[in-house]
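Heads up: the structure comes next, in structure tokens.
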Amino acid sequence: MERDFFEDVYEVVKLIPFARVTSYGAIAEYLGAKRSARMVGYAMNSADKTSNIPAHRVVNRVGQLSGKHAFASPSMEERLAAEGIKVENDVIIDFNAYFWNPNTELL
DNA sequence: ATTATGACTTCAC
DNA sequence: CGTGAAGCCATAA
């Protein structure tokens, strides 16, 4: 399994530092295809099952755990809480503060 | 090759 | 301010 797009997504997601989160759009934009934000999440769906990808650090633009349903256990919010990230009502608190932009911080 | 689907995003009403 | 619809791209059937 080596979908080029997926591969890039995995790489970026793996590079996400501890207690840090990012959005699908940000990753997609970093890959040069900001229109493919959906594919990023789609990749995560496969990534979390097949690889040790911290998909729980990837949320939508508003910091909402849109993909929590893809996590068997523990819950996405628990994983984030384990990193000191507060989550309430499936939404990351102070998301802007935890936001990690690959284009800005990684580059 | 074509159709359907989706962990998104943005514009419109 | 809230809900709805359309757009875009890659994967799967």
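In this text the structure is predicted, and so the values were computed from the model without any measurement. Order of the sequence lines fixes the chain letters, A, B, ..., with proteins taken first and strands second; residue numbering starts at 1 for each chain.
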TODO: Check if the side chain of A:Y24 and the base of B:dA7 share a donor-acceptor pair of N or O atoms closer than 3.5 Å.
DONE: yes
Open item on the list: Is it the case that the base of C:dC8 and the side chain of A:R38 share a donor-acceptor contact (distance under 3.5 Å, atom types as modelled)?
Closed with: yes
Task: Touch class at under 4.0 angstrom, heavy-atom based, for A:A55 against every strand present - done: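 Answer is base: heavy atoms of A:A55 come under 4.0 Å of a base.
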- [ ] Looking at every strand, decide which applies to A:V58 at a 4.0 Å heavy-atom threshold: base, sugar-phosphate, or nothing.
- [x]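 Base, at least one base atom sits under 4.0 Å.
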Open item on the list: Check this for me: does any side-chain nitrogen of one of A:E83 and A:R20 sit under 4.0 Å from a carboxylate oxygen of the other?
Closed with: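 No, this pair does not count.
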Open item on the list: With a 4.0 Å limit, can you tell me whether A:S46 has a side-chain N or O closer than that to the phosphate oxygens OP1/OP2 of C:dT11?
Closed with: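 Answer is no, no contact under 4.0 Å.
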TODO: May I ask you to verify if any side-chain N or O of A:R61 is less than 4.0 angstrom from the OP1 or OP2 atom of B:dT10?
DONE: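 Yes, such a contact exists.
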Whole-Å distance separating the [atom1] atom of [X] from the [atom2] atom of [N]:
| X | N | atom1 | atom2 | answer |
| --- | --- | --- | --- | --- |
| A:M44 | B:dT5 | CE | C1' | 18 Å |
| A:K34 | C:dA10 | NZ | C1' | 18 Å |
| A:Y42 | B:dC8 | OH | C1' | 14 Å |
| A:F95 | B:dC8 | CZ | C1' | 12 Å |

Which one, [options], comes nearest to the side chain of [X]?
| X | options | answer |
| --- | --- | --- |
| A:F5 | C:dA10, B:dA7, B:dT9 | C:dA10 |
| A:N45 | B:dT9, B:dA7, C:dC9 | B:dA7 |
| A:F6 | B:dA7, C:dT11, C:dC9 | C:dT11 |

TODO: Identify which one of A:K68, A:Q64, A:H69 satisfies the side-chain hydrogen bond (donor to acceptor under 3.5 Å, both in side chains) criterion when paired with A:D90.
DONE: A:K68
Task: Criterion side-chain contact (heavy atoms from CB on, under 4.5 Å) on A:E29 and A:N103, from CA distance to verdict - done: CA-CA 8 Å; A:E29 188 175 56; A:N103 288 290; 3.6 Å; yes
TODO: State yes or no: do A:I53 and A:F6 share one hydrophobic cluster built from I, L, V, M, F, W and Y residues joined by side-chain heavy-atom distances below 4.5 Å, directly or via other members?
DONE: yes
